[in-house]
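Hydrogens, waters and symmetry mates are skipped; everything else that's a heavy atom, side chains included, is used. Just so you know, ligand 1 is whichever comes first in the structure, and atom 1 is the first atom listed for that ligand.
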Amino acid sequence: MGKSVDVVIVGAGIAGLVAARDLVRTGHDVLVLEARDRVGGRLLNAELPGGAPIEVGGQWVGPTQHLAMALIRDLGLKTHPTHHAGRHIAELGDSRSEFTGRIPKLSPLALLDIAQAQLRLDRLGRRVTQTDPWRAQGAEALDAQTFETWVRRATHTADGRAFFKLVTEAVFSAGPEDMSALWASFYLGGGGGVDSMIGVVGGAQQDRVVGGTQAIALGLAEQLGDRIVLSSPVTEIDWDDSGVRVHAGGTVVRARRAVVAVPPPLVARIRFSPGLPGDRDQLVQRMPMGRAIKINVVYDEPFWRSEGWSGQAVSDRRPLGVVFDNTPPGGSPGVLVGFLEGRHADTGSRLTLADRRARVLDDLAGYFGPRARTPIDYIEKDWAEEEYSRGCYGAFATPGTLTRFGHTLRPAIGPLHWAGTETATRWAGYIDGAAESGHRVAQEIRSASADAESTSRSA
Ligand SMILES: Cc1cc2nc3c(=O)[nH]c(=O)nc-3n(C[C@H](O)[C@H](O)[C@H](O)COP(=O)(O)OP(=O)(O)OC[C@H]3O[C@@H](n4cnc5c(N)ncnc54)[C@H](O)[C@@H]3O)c2cc1C
């Protein structure tokens with residue numbers, strides 16, 4: 001079976017769907033091939049008892065994520081604020097602090113240490129240019145060290161180091177020892193700095209989408225209709241200057257151009273013929289996915305609220321290091337969402353479901369008391385076991401990768417165009433970054449098509 005279109009798009013996550021919609025709007029004939037039997041990629045809704053949707057993948061959006069917000073508005077979806085009222089819990093070092101506002105009660109020395117290192121990091125984030133961080137002043141030195149090394153040099157207290165480890169695990173779902181300090185600066189800079197990335201009010205966790213974030217992908221898919229073909233994993237792309245032949249199961253789609261809108265470790269699983277230039281291939285070999293298990297624990301009511309807690313908790317001593325109130329807007333049932341991130345996802349994944357559940361409930365009881373031990377439902381997803389994601393929240397660059405191969409992250413190679421949140425200049429790893437990459441790649445194709453047309457007219 002064969003088909004011929006202008007542009008074939010690999011992957012129906014937000015990046016691929018946005019690219020497809022933009023291209024259709026400008027008159028391109030588009031086909032989206034999606035490996036899974038659903039759209040949305042790293043965005044996925046599950047059901048709470050009673051049927052309300054709850055996200056097991058990406059969920060929050062923030063006020064400076066303008067492209068994600070624009071998509072939500074365009075699709076007629078609504079947001080609601082993340083529940084924030086009450087005392088938050090922070091366990092760092094030996095102490096437990098309960099606080100309102102932004103800053104946990106830590107020793108003055110630890111607070112000063114964290115503030116100074118954060119100031120340096122935020123400055124670095126602003127200095128590292130978002131389009132080509134590998135060209136930033138000092139890029140080589142930053143890329144030659146792990147983020148852990150940078151943190152060790154920038155902090156002077158155990159609590160300071162613990163804080164940045166916790167932040168790294170929460171933001172990247174990987175350890176500071178895993179990634180390049182240049183990648184960490186670029187990523188944090190692209191999200192507006194540490195406070196913007198970890199914050200609720202004014203930050204990346206400020207709002208949730210009514211109906212769950214997969215509604216964004218479903219809304220886009222509805223507009224694209226039968227231009228999306230599900231259950232079609234692309235295994236091979238033959239390409240030359242005249243176009244592409246994309247193989248998915250028994251189907252071969254011919255097109256002038258292909259948009260590959262999958263994360264780097266999934267690009268590495270597609271066979272390109274001829275093979276990709278060595279620099280591009282090296283790049284995708286050096287951008288592994290982070291790892292997280294996301295767990296929604298459901299209670300008959302949000303009991304922590306009546307006890308004065310917001311439901312937000314962080315800890316450097318519990319595997320369930322980050323927790324939020326994830327109760328639906330109507331207030332029932334009560335939901336706490338927690339994450340096993342990085343090394344905690346490694347160890348958590350080796351337990352049986354029953355043991356993992358027991359450990360998670362232990363941690364929730366440690367934060368919010370014994371009522372946390374009696375949920376009415378437990379919904380978890382281990383993203384490392386998803387064949388077409390291979391982890392989450394996004395990929396990160398190992399030391400040396402950006403300065404050696406970063407220049408191949410975005411530019412098209414002949415008819416092959418690259419999208420996906422990992423190619424974004426802002427909020428890479430987020431829904432917003434995925435949308436940016438979709439818009440960018442559609443613009444790239446529109447310009448290339450216009451150039452080709454004017455060349456053929458003048459010939
Ligand atoms: C647990 C979790 C929590 C997160 N939290 C947030 C959050 O709160 N806020 C936020 O903004 N972001 C969050 N994210 C990240 C966010 O979900 C992603 O950045 C975004 O959805 C990525 O979109 P994408 O289109 O770039 O990639 P993907 O969503 O990964 O889409 C790629 C698509 O390509 C398909 N595919 C892969 N290989 C092939 C192939 N060979 N052939 C055909 N199709 C293929 C996949 O099935 C997938 O549908 C989270 C992610 C997870 C998993």
For [X] and ligand 1, answer yes if some heavy atom of the residue is under 4.0 Å from a ligand atom, otherwise no.
X: G57; result: yes
X: A292; result: no
X: A261; result: yes

Distance from [atom] to nearest protein heavy atom, with residue and atom:
atom: atom 41 (N) of ligand 1; result: V234 O, 3.0 Å
atom: atom 19 (O) of ligand 1; result: G429 O, 2.8 Å
atom: atom 23 (O) of ligand 1; result: A434 CB, 3.5 Å
atom: atom 53 (C) of ligand 1; result: C392 CB, 3.3 Å
atom: atom 28 (P) of ligand 1; result: R42 NE, 3.5 Å
atom: atom 35 (C) of ligand 1; result: E34 OE1, 3.3 Å
atom: atom 39 (C) of ligand 1; result: V262 CG1, 3.8 Å
atom: atom 7 (C) of ligand 1; result: Q59 N, 3.4 Å

Inset, instruction - Answer yes or no on whether R36 is positioned over the face of Y388, meaning its NZ or CZ is under 6.0 Å from the six-membered ring centre and within 45° of the axis. - result: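 Output no; distance or angle outside limits.
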Legend entry - Distance flag, aromatic centroids of F172 and Y187, threshold under 6.0 Å: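 Between Y187 and F172, the centre distance is under 6.0 Å.
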Legend entry - W309/F368 aromatic ring centres below 6.0 Å: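 Centroid separation for W309 and F368: below 6.0 Å.
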Which atoms of ligand 1 sit under 4.0 Å from any heavy atom of [X]?
X: G40; answer: 29 (O)
X: P233; answer: 42 (N)
X: G11; answer: 33 (C), 34 (O), 35 (C), 44 (N)
X: R36; answer: 46 (C), 47 (O), 48 (C), 49 (O)
X: L43; answer: 17 (O), 21 (O)
X: G13; answer: 25 (O), 29 (O), 31 (O), 33 (C), 49 (O)
X: W383; answer: 1 (C), 53 (C)
X: W60; answer: 7 (C), 8 (O), 9 (N), 10 (C), 11 (O)

If you measure only the distance, is there a donor-acceptor pair under 3.5 Å linking the side chains of [X] and [Y]?
X: R440; Y: Q443; value: no
X: D432; Y: H66; value: no
X: T79; Y: D207; value: no
X: D195; Y: Q118; value: yes
X: N326; Y: Q59; value: yes
X: E436; Y: T425; value: yes

Inset, instruction - Check the angle between the aromatic planes of F324 and W60 and answer parallel, tilted or perpendicular using the 30° and 60° thresholds. - result: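 Rings of F324 and W60: tilted, as their planes differ by 30° to 60°.
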Legend entry - Spacing of T235 atom OG1 and R271 atom CZ [to the nearest 0.5 Å]: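 If I round to the nearest 0.5 Å, the distance is 9.5 Å.
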Legend entry - Reported CG-to-CZ distance for the pair D178 and R343, which is rounded to 0.5 angstrom: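 Spacing of CG (D178) from CZ (R343) equals 10.5 Å.
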Legend entry - Per atom 5 (N) of ligand 1, closest listed option by heavy atom (G58, A424, G420, A15):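 Nearest option to atom 5 (N) of ligand 1, by heavy atoms: G58.
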Legend entry - Option of least heavy-atom distance to atom 43 (C) of ligand 1 (set: A12, A35, A204):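 Answer by nearest heavy atom: A35.
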Inset, instruction - With heavy atoms under 4.0 Å as the rule, classify the contact between L33 and ligand 1 as side chain, backbone, both or neither. - result: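 The answer is the backbone of L33.
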Does ligand 1 come near enough to [X] that some N or O of the ligand is less than 3.5 Å from an N or O of the residue?
X: T421; value: yes
X: E422; value: no
X: I14; value: yes
X: Y393; value: no

Would you mind checking if [Y] and [X] are paired as a salt bridge, meaning a charged N to carboxylate O distance below 4.0 Å?
X: E386; Y: K381; value: yes
X: D143; Y: R404; value: no
X: D6; Y: R257; value: no

